[in-house]
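Each remark here refers to the structure printed beneath this line.
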Amino acid sequence: MVDVLGRAFDDDPISNFTFSGDFRRRRGLRSFFRAQIVHQYLPYGQVFTTEGFGGVAVWGPPDRARQGFRELLQLMPTLPYIAGKHMVKTLQLLTAVDALHPKEPHWYLATLGTEPTRQGQGIGSALLRSALARVDTEGMPAYLESSKERNVPLYARYGFEVIDEFHGPGEAPTLWRMWREPRPPEDEDR
């Protein structure tokens with residue numbers, strides 16, 4: 001799963017802002033996703049993949065306690081790969097995005113990635129449909145941040161609406177903050 005997400009986010013604007021150079025970016029992404037999955041989300045049982053690991057979705061449930069500073073500390077192994085002109089800006093960006101996270105209970109789509117050679121085959125959509133069926137059954141809203149503008153229409157097809165375009169510090173890329181109200185479970189327009 002770590003490898004799939006590393007490849008899926010290799011061209012991500014935030015990844016390219018955070019890690020300078022191919023070597024640092026690839027190693028940094030592996031370190032980041034390893035920490036995110038193993039320490040922050042897998043303990044809650046909310047990391048999903050497809051058969052053959054074509055895609056990965058990492059969700060935070062509504063009852064998952066957010067521990068911004070502790071979670072930043074869990075990402076410490078990633079810091080050596082950030083070294084460079086963007087280290088301070090990256091830490092500021094992560095802190096600012098965490099501060100903007102909605103306080104009301106919701107499901108949080110932390111990460112969704114598809115193996116690059118399999119993008120466009122409906123894998124991301126399948127992962128979204130599966131999780132959102134549960135979200136809707138529970139009657140809970142969902143939230144995400146997208147760092148790729150081209151993904152905004154995909155999320156919109158599943159009911160997410162842009163609530164903000166966040167412009168981070170310095171030359172940090174834009175993040176589209178998106179919210180989704182629950183749909184009745186019988187709603188088949190997803």
Side-chain angles (χ1 to χ4, degrees), residues 1-2 4-5 8-9 12 14 32-33 35-72 74-75 93-115 118-166 168 174-190:
M1 289 186 289
V2 168
V4 169
L5 290 176
F9 280 79
D12 182 77
I14 295 293
F32 173 82
F33 288 122
Q36 182 191 55
I37 290 171
V38 172
H39 299 294
Q40 297 173 356
Y41 290 90
L42 199 55
Y44 299 93
Q46 304 304 319
V47 179
F48 304 95
T49 188
T50 58
E51 187 175 328
F53 297 100
V56 178
V58 179
W59 286 87
D63 59 353
R64 178 183 177 272
R66 293 194 47 80
Q67 301 167 339
F69 184 71
R70 182 174 179 212
E71 290 179 15
L72 283 176
Q74 291 169 337
L75 297 174
L93 175 65
L94 291 172
T95 302
V97 169
D98 186 65
L100 291 170
H101 199 99
K103 305 297 182 234
E104 62 198 88
H106 62 278
W107 279 89
Y108 173 50
L109 178 55
T111 304
L112 176 65
T114 302
E115 182 68 54
R118 301 197 53 200
Q119 290 176 0
Q121 298 177 10
I123 292 170
S125 290
L127 286 165
L128 279 172
R129 269 192 307 277
S130 175
L132 291 174
R134 177 179 181 177
V135 168
D136 289 339
T137 298
E138 293 179 7
M140 295 297 298
Y143 171 77
L144 63 85
E145 301 104 6
S146 178
S147 53
K148 288 184 179 177
E149 187 173 14
R150 74 176 189 229
N151 290 342
V152 171
L154 167 70
Y155 296 125
R157 282 198 313 264
Y158 292 93
F160 286 92
E161 296 178 11
V162 174
I163 57 172
D164 182 35
E165 285 187 26
F166 174 72
T174 300
L175 286 175
W176 287 265
R177 298 176 57 240
M178 302 183 77
W179 184 260
R180 180 186 184 273
E181 289 296 328
R183 293 180 175 181
E186 67 277 356
D187 188 347
E188 294 299 322
D189 286 340
R190 288 182 269 150

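As the structure is a computational prediction, the values presented were derived from the model and not from experiment. Numbering starts at 1 and runs along the sequence shown.
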Quiz item: What pair of heavy atoms forms the shortest contact from Tyr158 to Arg183, and how long is it?
Solution: C-NH2, 3.6 Å
Quiz item: Atom CZ of Arg157 and atom CG of Leu128: how far apart are they, to the nearest 0.5 Å?
Solution: 9.5 Å
Self-check item: Euclidean distance, Ile163 CD1 relative to Glu145 CD, rounded to 0.5 Å
Solution: 9.0 Å
Quiz item: Within a strict 4.5 Å, meaning less than it, do heavy atoms of the Phe48 and Ser130 side chains meet?
Solution: no
Self-check item: Leu42: partners by side-chain contact (heavy atoms from CB on, under 4.5 Å), with sequence neighbours left out
Solution: Ile37, Val47
Quiz item: Between atom CZ of Phe160 and atom CG of Leu154, what is the distance when rounded to the nearest 0.5 Å?
Solution: 9.5 Å
Self-check item: Trace of the side-chain contact (heavy atoms from CB on, under 4.5 Å) decision for Ile14 with Leu175
Solution: CA-CA 9 Å; Ile14 295 293; Leu175 286 175; 4.0 Å; yes
Quiz item: Just by modelled atom types, is the Ala57 backbone N or O under 3.5 Å from a matching donor or acceptor in the Thr111 side chain?
Solution: no
Quiz item: Would you find a donor on one side and an acceptor on the other, under 3.5 Å apart, between the side chain of Glu115 and the backbone of Val4?
Solution: no
Quiz item: Would a line drawn from the ring center of Phe9 to the ring center of Phe33 be shorter than 6.0 Å?
Solution: yes
Exercise. Check Glu104 against Trp179 and note the closest heavy-atom contact, atom names and distance.
Key: OE2-CZ2, 3.5 Å
Practice problem: Examine the side chains of Glu138 and Trp107 and answer whether a donor and an acceptor come within less than 3.5 Å of each other. | Solution: yes
Practice problem: Please identify each residue that fulfils side-chain contact (heavy atoms from CB on, under 4.5 Å) with Thr50, with sequence neighbours left out. | Solution: Ile123, Leu127
Self-check item: All side-chain contact (heavy atoms from CB on, under 4.5 Å) counterparts of Val152, not counting sequence neighbours
Solution: Ser146, Val162, Trp176, Met178
Quiz item: Can you name the closest pair of heavy atoms from Pro141 and Val135 and give their distance?
Solution: O-CG1, 4.1 Å
Quiz item: Is Asp136 salt-bridged to Arg180, cutoff N-O under 4.0 Å?
Solution: yes
Exercise. Can you see which heavy atom on Arg118 is nearest to which on Gly52, and at what distance?
Key: NH1-O, 4.3 Å
Quiz item: Take atom CD in Gln121; do more than 12 heavy atoms of anything else shown fall under 6.0 Å from it?
Solution: yes
Quiz item: Which heavy-atom pair separates Leu100 from Tyr143 by the least distance, and what is that distance?
Solution: O-OH, 4.3 Å
Practice problem: Looking only at non-hydrogen atoms, find the nearest pair between Ala8 and Lys148 and report the distance. | Solution: O-NZ, 3.7 Å
Practice problem: Specify whether His101 and Tyr108 have parallel, tilted or perpendicular ring planes, treating 30° as the upper limit for parallel and 60° as the lower limit for perpendicular. | Solution: perpendicular
